[in-house]
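Chain letters run A, B, ... following the sequence lines, proteins first and then strands; every chain starts at 1. Keep in mind the model is a prediction, meaning the values are calculated, not measured. Quick note: numbers below take in every heavy atom, side chains included, and nothing from hydrogens, waters or symmetry partners.
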Amino acid sequence: MIDPADVFKAAELAFEAAAARSDVEVRYRVAGRVLALRFGGSALAAKLLPAFAHLEPVESAPADLVICSWDDVSSEVSLAEFMPEADRHGLKYVEGSVRLAWEFDSRSLQAYDPGRCLALFRIPAIEELAVWEQGAPFRRILHWWSAGLGLQLVHGAAVGTKAGGALLVGRGGSGKSTTALACVGSSLGYVADDYCLLEPGTPSRVHSIYGSGKADSASIARLPYLADAFRASPIDQQGKSIIFIAEHVPQAILYSFPLRAVVVPKIVPGVACRAEVLPRGEALRALAPSTLFQMPGDRAKSLSRMSALIRDLPCFRLYIGNDPAAAQPFLEAIIAGRGLSS
Amino acid sequence: MRYRLNDEEVVSESLDGEVIVVHLQSGTYYSMLGSAADIWGALLGGWSTEEIADRLAQGAVRDSIGADVTQFVATLAAENLLVPTDNTPSVCRVEFLPCAAYATPELQIYTDMQELLLVDPIHEVTEEGWPIRAEKGK
């Protein structure tokens with residue numbers, strides 16, 4: 001039997017070996033905290049940093065969380081002896097003095113030591129890094145860390161202004177990404193299309209983590225403002241293209257806003273865009289399961305936090321027809337508290 | 001019979017009269033409204049199936065309601081949302097005041113997220129169970 005703390009220690013040594021060859025460090029502000037990202041190799045930094053490049057850079061403030069990333073090839077230290085058996089799918093998660101999560105398919109390790117606010121992200125080789133990981137790196141690490149601060153990483157999109165905005169929730173394919181991306185270039189700023197951080201409070205706030213946007217070919221056809229950007233972007237295993245909004249429309253980026261409403265989009269081809277009030281329980285069903293099923297650890301507290309957040313907010317279903325841009329005036333009205341009309 | 005939440009695999013919350021229950025291993029989630037939500041709350045509050053039926057009946061046909069409650073609780077147990085517990089009445093049992101006029105309890109079952117867990121299941125293990133590699137020689 002191997003102690004998870006020993007796995008963490010071995011992984012930390014592997015990172016130091018990689019960093020001794022090449023150490024890249026960048027700091028960003030996330031939800032008012034300082035996130036330090038260290039990379040054992042510039043090639044991995046080039047893959048993972050674009051998702052954070054829209055955030056406010058920080059020069060010298062002490063870090064609230066340090067995430068160290070590397071690959072076995074760069075470090076020339078193999079962690080294979082700590083790998084679980086490979087004939088399974090999904091993720092193996094262990095929680096103790098440290099948290100560890102192995103992903104079987106990518107053979108990646110994510111680890112977090114809450115006592116040191118230190119996290120490790122290891123992949124076997126840069127070539128094996130999934131495209132979707134580049135759009136939303138370190139999700140589980142950021143979930144563990146933020147949960148310890150009383151924040152909640154959620155599967156949801158967010159658009160609004162500095163005065164307030166809406167959280168768009170729903171399972172994959174529900175239209176939240178397309179709706180959020182359709183707001184780029186409008187009066188509504190862009191916080192996220194897939195994952196963001198919620199900070200409970202009065203009012204609760206939404207914070208941006210990733211500046212990426214994902215869309216499949218059908219959605220791209222309905223996003224003419226971003227079509228050129230998507231055309232030149234990498235495509236993930238599910239056929240979705242990934243762009244980084246700040247590279248194309250930097251003025252659209254918004255770091256944070258007070259949360260005014262929860263919106264559950266539903267794409268129904270051919271219908272005119274319209275909104276209706278939604279029971280809060282239905283909004284929680286749209287938000288919570290898809291978040292909980294992706295984020296191991298602290299899940300009872302996570303559900304409680306999401307429930308408390310929705311309890312204080314008006315919730316709406318937004319029917320979206322062929323043109324997702326038609327949703328923008330409805331979202332503006334909902335955010336402004338003007339009700340259901342555009 | 002008394003039950004408790006299967007809290008190793010299940011999380012639940014109540015919001016505006018709707019109970020939402022998520023089974024983290026199966027990928028199934030559930031919704032309960034009205035009498036179903038009342039019964040769920042009473043079960044987690046330490047009330048037995050029989051006590052809940054008695055309280056819900058209140059002058060109505062006890063047998064019919066008793067059968068409804070028994071069947072509903074059996075469904076909850078079959079879905080592994082609840083596990084049987086000591087049948088001793090709890091001294092810290094919470095008050096049970098039904099919010100809804102009685103109607104046959106229904107459990108809404110949602111399986112649309114299961115594919116997410118089938119593709120990307122989360123195997124939670126204790127520190128004692130880590131890692132699998134150590135078991136290979138068995």
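Among the candidates B/V10, B/D7, B/I20, B/V19, the residue making the largest number of heavy-atom pairs closer than 4.5 Å to chain A is B/I20. Of the residues considered (A/R311, A/R299, A/M306), A/R299 shows the highest number of contacts with chain B, using heavy-atom pairs under 4.5 Å. Contacts with chain B were tallied for A/P289, A/S290, A/A300; A/P289 has the most, counting heavy-atom pairs under 4.5 Å.
For B/Q108, no part lies under 4.5 angstrom from a heavy atom of chain A. In this structure, no portion of B/S26 lies under 4.5 Å from any heavy atom of chain A.
Side-chain rings of B/Y29 and B/H23 stay apart, their centers remaining 6.0 Å or farther from each other. Centroid-to-centroid, the aromatic rings of A/Y93 and A/W144 come within less than 6.0 Å.
In this structure a side-chain-to-backbone donor-acceptor pair under 3.5 Å is present from B/T49 to B/M1. Checked by atom type and distance alone, the side chain of A/T291 pairs as donor or acceptor with a backbone atom of A/H155 at under 3.5 Å. Within the 3.5 Å criterion, the main-chain N or O of A/D193 finds a donor-acceptor partner in the side chain of A/S177.
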